[in-house]
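Down below is the structure, laid out as C-alpha coordinates.
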Amino acid sequence: EDQVTQSPEALRLQEGESSSLNCSYTVSGLRGLFWYRQDPGKGPEFLFTLYSAGEEKEKERLKATLTKKESFLHITAPKPEDSATYLCAPSLGADYGGATNKLIFGTGTLLAVQP
Amino acid sequence: KAGVTQTPRYLIKTRGQQVTLSCSPISGHRSVSWYQQTPGQGLQFLFEYFSETQRNKGNFPGRFSGRQFSNSRSEMNVSTLELGDSALYLCASSLTGQSSYNEQFFGPGTRLTVL
(Lines give C-alpha, C1' and ligand atoms only; values in the text may rest on other atoms or scores of the structure.)
Protein backbone atom coordinates (compact mmCIF):
# COMPACT_ATOMS: atom_id res chain seq x y z
CA GLU A 1 0.00 0.00 0.00
CA ASP A 2 1.26 3.46 -0.88
CA GLN A 3 2.17 5.38 2.26
CA VAL A 4 3.77 8.69 3.18
CA THR A 5 4.98 9.70 6.64
CA GLN A 6 6.27 13.14 7.51
CA SER A 7 8.20 13.99 10.64
CA PRO A 8 8.19 15.81 12.88
CA GLU A 9 4.51 16.74 12.94
CA ALA A 10 5.42 20.15 14.31
CA LEU A 11 8.68 22.02 14.64
CA ARG A 12 9.46 25.25 16.39
CA LEU A 13 12.70 27.02 15.50
CA GLN A 14 14.37 30.24 16.44
CA GLU A 15 15.17 32.56 13.59
CA GLY A 16 18.48 31.45 12.10
CA GLU A 17 18.30 27.94 13.58
CA SER A 18 18.69 25.46 10.71
CA SER A 19 16.88 22.11 10.64
CA SER A 20 15.51 19.38 8.39
CA LEU A 21 12.09 17.92 7.71
CA ASN A 22 11.69 14.28 6.76
CA CYS A 23 9.37 12.55 4.31
CA SER A 24 9.43 8.75 4.23
CA TYR A 25 7.47 7.01 1.52
CA THR A 26 6.48 3.63 0.21
CA VAL A 27 5.42 3.98 -3.38
CA SER A 28 6.02 1.42 -6.07
CA GLY A 29 8.25 2.84 -8.77
CA LEU A 30 8.38 6.49 -7.73
CA ARG A 31 7.76 8.86 -10.62
CA GLY A 32 8.44 12.05 -8.75
CA LEU A 33 8.24 13.59 -5.30
CA PHE A 34 6.70 16.99 -4.80
CA TRP A 35 7.22 19.46 -1.98
CA TYR A 36 4.66 22.14 -1.24
CA ARG A 37 4.30 24.92 1.29
CA GLN A 38 0.84 25.75 2.60
CA ASP A 39 -0.20 28.80 4.56
CA PRO A 40 -3.40 28.69 6.64
CA GLY A 41 -6.55 28.88 4.53
CA LYS A 42 -4.64 28.83 1.23
CA GLY A 43 -3.84 26.30 -1.43
CA PRO A 44 -0.47 24.53 -1.44
CA GLU A 45 2.31 26.48 -3.11
CA PHE A 46 4.65 24.46 -5.32
CA LEU A 47 8.27 24.35 -4.15
CA PHE A 48 10.15 21.47 -5.79
CA THR A 49 9.86 18.25 -7.71
CA LEU A 50 12.54 15.58 -7.41
CA TYR A 51 12.66 12.67 -9.81
CA SER A 52 15.60 10.43 -8.97
CA ALA A 53 17.63 9.34 -5.96
CA GLY A 54 20.53 11.68 -5.37
CA GLU A 55 18.80 14.67 -6.89
CA GLU A 56 18.92 17.97 -5.02
CA LYS A 57 17.14 21.26 -5.62
CA GLU A 58 17.50 24.61 -3.89
CA LYS A 59 15.37 27.69 -3.55
CA GLU A 60 16.44 30.51 -1.28
CA ARG A 61 16.80 29.00 2.22
CA LEU A 62 15.32 25.64 1.21
CA LYS A 63 17.06 22.59 -0.19
CA ALA A 64 15.29 19.34 -1.02
CA THR A 65 17.05 16.00 -1.39
CA LEU A 66 15.84 12.57 -2.41
CA THR A 67 16.87 8.99 -1.64
CA LYS A 68 15.12 5.76 -2.62
CA LYS A 69 12.97 5.82 0.51
CA GLU A 70 13.11 9.35 1.88
CA SER A 71 13.20 12.98 1.05
CA PHE A 72 14.51 15.77 3.22
CA LEU A 73 13.71 19.44 3.18
CA HIS A 74 16.60 21.35 4.72
CA ILE A 75 15.91 24.86 5.97
CA THR A 76 18.98 27.01 6.43
CA ALA A 77 18.84 30.10 8.67
CA PRO A 78 15.02 30.27 8.59
CA LYS A 79 13.09 33.48 8.95
CA PRO A 80 9.62 34.02 10.47
CA GLU A 81 8.13 34.21 6.97
CA ASP A 82 9.15 30.57 6.45
CA SER A 83 6.50 29.57 8.98
CA ALA A 84 3.97 27.32 7.21
CA THR A 85 2.97 23.71 6.80
CA TYR A 86 5.31 21.80 4.50
CA LEU A 87 3.79 18.93 2.57
CA CYS A 88 5.49 16.20 0.63
CA ALA A 89 3.69 14.17 -2.01
CA PRO A 90 5.12 11.26 -3.97
CA SER A 91 3.49 10.61 -7.29
CA LEU A 92 1.93 7.25 -7.96
CA GLY A 93 4.44 4.79 -9.28
CA ALA A 94 4.93 3.03 -12.56
CA ASP A 95 3.23 -0.09 -11.21
CA TYR A 96 -0.04 1.78 -11.37
CA GLY A 97 -0.15 0.80 -14.99
CA GLY A 98 -1.20 4.05 -16.53
CA ALA A 99 -0.42 7.71 -16.77
CA THR A 100 -1.57 9.69 -13.78
CA ASN A 101 -1.00 12.93 -11.91
CA LYS A 102 -2.28 11.49 -8.63
CA LEU A 103 -0.26 12.60 -5.62
CA ILE A 104 -0.28 10.92 -2.23
CA PHE A 105 0.14 13.53 0.47
CA GLY A 106 1.70 13.22 3.87
CA THR A 107 0.05 14.99 6.79
CA GLY A 108 2.67 17.70 6.75
CA THR A 109 5.10 19.36 9.13
CA LEU A 110 3.90 22.54 10.77
CA LEU A 111 6.90 24.83 11.02
CA ALA A 112 6.94 27.87 13.30
CA VAL A 113 9.94 30.20 13.18
CA GLN A 114 10.15 32.64 16.03
CA PRO A 115 12.01 35.97 15.75
CA LYS B 1 0.48 34.25 -16.30
CA ALA B 2 -2.74 33.72 -14.34
CA GLY B 3 -2.78 30.92 -11.82
CA VAL B 4 -5.42 28.35 -11.04
CA THR B 5 -8.73 29.91 -10.12
CA GLN B 6 -11.50 28.33 -8.10
CA THR B 7 -15.00 29.57 -7.55
CA PRO B 8 -16.66 30.17 -5.27
CA ARG B 9 -14.07 30.70 -2.56
CA TYR B 10 -16.51 30.14 0.28
CA LEU B 11 -19.76 28.26 0.42
CA ILE B 12 -22.24 27.43 3.17
CA LYS B 13 -24.81 24.72 2.57
CA THR B 14 -27.15 22.60 4.65
CA ARG B 15 -27.29 18.84 4.88
CA GLY B 16 -29.04 17.20 1.97
CA GLN B 17 -28.31 19.97 -0.50
CA GLN B 18 -25.98 19.63 -3.46
CA VAL B 19 -23.10 21.84 -4.51
CA THR B 20 -21.03 22.50 -7.63
CA LEU B 21 -17.48 23.82 -7.46
CA SER B 22 -15.54 25.17 -10.40
CA CYS B 23 -11.86 25.15 -11.32
CA SER B 24 -10.14 26.97 -14.16
CA PRO B 25 -6.63 25.63 -14.79
CA ILE B 26 -3.64 27.62 -15.92
CA SER B 27 -3.92 28.51 -19.59
CA GLY B 28 -2.65 25.64 -21.73
CA HIS B 29 -2.87 23.06 -18.96
CA ARG B 30 -4.93 20.02 -19.85
CA SER B 31 -5.00 18.11 -16.59
CA VAL B 32 -7.04 18.90 -13.49
CA SER B 33 -7.02 16.95 -10.24
CA TRP B 34 -9.27 17.49 -7.23
CA TYR B 35 -8.41 16.99 -3.58
CA GLN B 36 -10.31 17.25 -0.32
CA GLN B 37 -8.45 18.65 2.67
CA THR B 38 -9.68 18.21 6.23
CA PRO B 39 -7.81 18.63 9.54
CA GLY B 40 -8.17 14.95 10.37
CA GLN B 41 -7.41 13.33 7.01
CA GLY B 42 -5.17 15.85 5.32
CA LEU B 43 -5.19 16.07 1.53
CA GLN B 44 -7.02 13.21 -0.11
CA PHE B 45 -7.28 12.59 -3.83
CA LEU B 46 -10.78 12.77 -5.29
CA PHE B 47 -10.33 12.36 -9.04
CA GLU B 48 -8.36 13.59 -12.01
CA TYR B 49 -9.24 14.57 -15.53
CA PHE B 50 -7.18 14.78 -18.65
CA SER B 51 -8.58 15.91 -21.99
CA GLU B 52 -12.17 15.61 -20.70
CA THR B 53 -11.68 12.02 -19.50
CA GLN B 54 -11.70 10.90 -15.89
CA ARG B 55 -8.63 8.74 -15.53
CA ASN B 56 -8.49 8.00 -11.86
CA LYS B 57 -10.82 8.21 -8.88
CA GLY B 58 -10.12 8.16 -5.16
CA ASN B 59 -11.99 6.32 -2.42
CA PHE B 60 -14.97 8.59 -2.11
CA PRO B 61 -18.66 7.73 -2.35
CA GLY B 62 -20.57 8.17 -5.56
CA ARG B 63 -22.04 11.41 -4.25
CA PHE B 64 -18.80 13.00 -5.41
CA SER B 65 -18.58 13.46 -9.15
CA GLY B 66 -16.86 15.68 -11.63
CA ARG B 67 -16.34 16.54 -15.22
CA GLN B 68 -13.99 18.44 -17.48
CA PHE B 69 -14.95 20.61 -20.40
CA SER B 70 -13.25 21.05 -23.75
CA ASN B 71 -11.56 24.24 -22.53
CA SER B 72 -10.05 22.19 -19.64
CA ARG B 73 -12.18 23.88 -17.01
CA SER B 74 -13.47 21.40 -14.48
CA GLU B 75 -16.36 21.14 -12.09
CA MET B 76 -17.00 18.84 -9.19
CA ASN B 77 -20.38 18.12 -7.70
CA VAL B 78 -21.33 16.78 -4.32
CA SER B 79 -24.89 15.63 -3.91
CA THR B 80 -26.81 15.00 -0.69
CA LEU B 81 -24.32 16.87 1.44
CA GLU B 82 -23.30 15.50 4.81
CA LEU B 83 -21.69 17.29 7.74
CA GLY B 84 -18.48 15.39 7.08
CA ASP B 85 -18.19 16.97 3.64
CA SER B 86 -17.13 20.23 5.24
CA ALA B 87 -13.61 20.76 3.94
CA LEU B 88 -11.31 22.78 1.75
CA TYR B 89 -11.63 21.53 -1.82
CA LEU B 90 -8.55 22.08 -3.92
CA CYS B 91 -7.88 21.63 -7.57
CA ALA B 92 -4.47 21.20 -9.14
CA SER B 93 -3.56 22.05 -12.71
CA SER B 94 -0.79 20.53 -14.78
CA LEU B 95 0.37 20.72 -18.34
CA THR B 96 0.39 17.04 -19.20
CA GLY B 97 -1.29 13.90 -18.02
CA GLN B 98 1.76 12.33 -16.48
CA SER B 99 3.39 13.27 -13.18
CA SER B 100 6.87 12.63 -14.50
CA TYR B 101 8.58 15.95 -15.25
CA ASN B 102 5.27 17.71 -14.78
CA GLU B 103 4.73 20.36 -12.13
CA GLN B 104 1.31 20.62 -10.53
CA PHE B 105 -0.07 23.93 -9.29
CA PHE B 106 -2.90 24.33 -6.84
CA GLY B 107 -5.67 26.87 -6.70
CA PRO B 108 -6.68 28.74 -3.54
CA GLY B 109 -9.45 26.26 -2.79
CA THR B 110 -13.14 26.44 -2.02
CA ARG B 111 -14.04 26.33 1.65
CA LEU B 112 -17.29 24.36 1.97
CA THR B 113 -19.18 24.41 5.24
CA VAL B 114 -22.14 22.07 5.68
CA LEU B 115 -24.56 22.94 8.47
Side-chain angles (χ1 to χ4, degrees), chain A residues 1-7 9-10 23 25 27-53 55 57 59 64 66 84-110, chain B residues 3-6 9-10 21 23 25-26 29-51 53-60 68 72 74 87-111 113:
Chain A
E1 182 183 347
D2 301 316
Q3 281 191 321
V4 183
T5 303
Q6 289 190 248
S7 62
E9 290 185 8
C23 171
Y25 61 88
V27 173
S28 301
L30 184 75
R31 281 189 166 147
L33 186 139
F34 293 68
W35 280 98
Y36 289 89
R37 167 198 170 124
Q38 187 175 28
D39 294 300
K42 297 188 177 181
E45 175 189 343
F46 174 80
L47 293 174
F48 306 106
T49 312
L50 303 167
Y51 292 104
S52 57
E55 188 175 2
K57 287 190 177 176
K59 178 180 179 180
L66 183 65
T85 296
Y86 290 85
L87 299 162
C88 79
S91 64
L92 202 60
D95 289 355
Y96 170 68
T100 181
N101 280 318
K102 177 180 178 179
L103 299 177
I104 304 162
F105 279 88
T107 52
T109 293
L110 176 60
Chain B
V4 180
T5 58
Q6 291 187 246
R9 292 293 313 280
Y10 303 92
L21 313 181
C23 171
I26 293 170
H29 284 196
R30 296 167 60 195
S31 176
V32 172
S33 300
W34 287 90
Y35 292 82
Q36 181 196 66
Q37 186 174 32
T38 58
Q41 299 296 321
L43 272 143
Q44 293 189 293
F45 174 80
L46 280 158
F47 28 65
E48 68 171 309
Y49 289 88
F50 180 71
S51 294
T53 300
Q54 184 182 91
R55 296 193 306 179
N56 199 2
K57 189 172 175 11
N59 295 325
F60 281 83
Q68 186 179 34
S72 294
S74 178
L88 182 66
Y89 289 88
L90 295 157
C91 79
S93 158
S94 55
L95 184 62
T96 73
Q98 176 56 267
S99 61
S100 299
Y101 304 99
N102 182 34
E103 298 170 350
Q104 295 188 47
F105 301 93
F106 280 83
T110 294
R111 171 72 63 186
T113 302

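In the text below, chain A, chain B and the rest are named by the order of the sequence lines, each starting its count at 1. Treat the numbers as computed from the prediction; the structure is a model and nothing was measured.
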- Query: Do B:F106 and A:E45 pass the side chain to side chain contact (heavy atoms under 4.5 Å, CB included) test, and can you show the C-alpha distance, the side-chain angles, and the key distance before you say yes or no?
  - Reply: CA-CA 7 Å; B:F106 280 83; A:E45 175 189 343; over 6 Å; no
- Query: Looking at side-chain heavy atoms only, is the closest gap between A:P44 and B:L43 below 4.5 Å?
  - Reply: yes
- Query: Taking the side chain as C-beta and beyond, is there a heavy-atom pair between B:L90 and A:K42 under 4.5 Å?
  - Reply: no
- Side chain, backbone, both or neither: which part of B:Y35 has a non-hydrogen atom closer than 4.5 Å to chain A? side chain
- Query: Just wondering, do B:R55 and A:K102 contact through their side chains at under 4.5 Å, heavy atoms?
  - Reply: no
- Taking A:Y36 for the side chain and B:F105 for the main chain, is one N or O donor matched with an acceptor at less than 3.5 Å? no
- Would you indicate whether the side-chain heavy atoms of B:Q104 and A:F34 approach each other to under 4.5 Å? yes
- Taking B:R111, B:Q37, B:Q6 one by one, which has the highest count of heavy-atom pairs under 4.5 Å against chain A? B:Q37
- A:I104 versus chain B, the contacting section by heavy-atom distance below 4.5 Å: neither
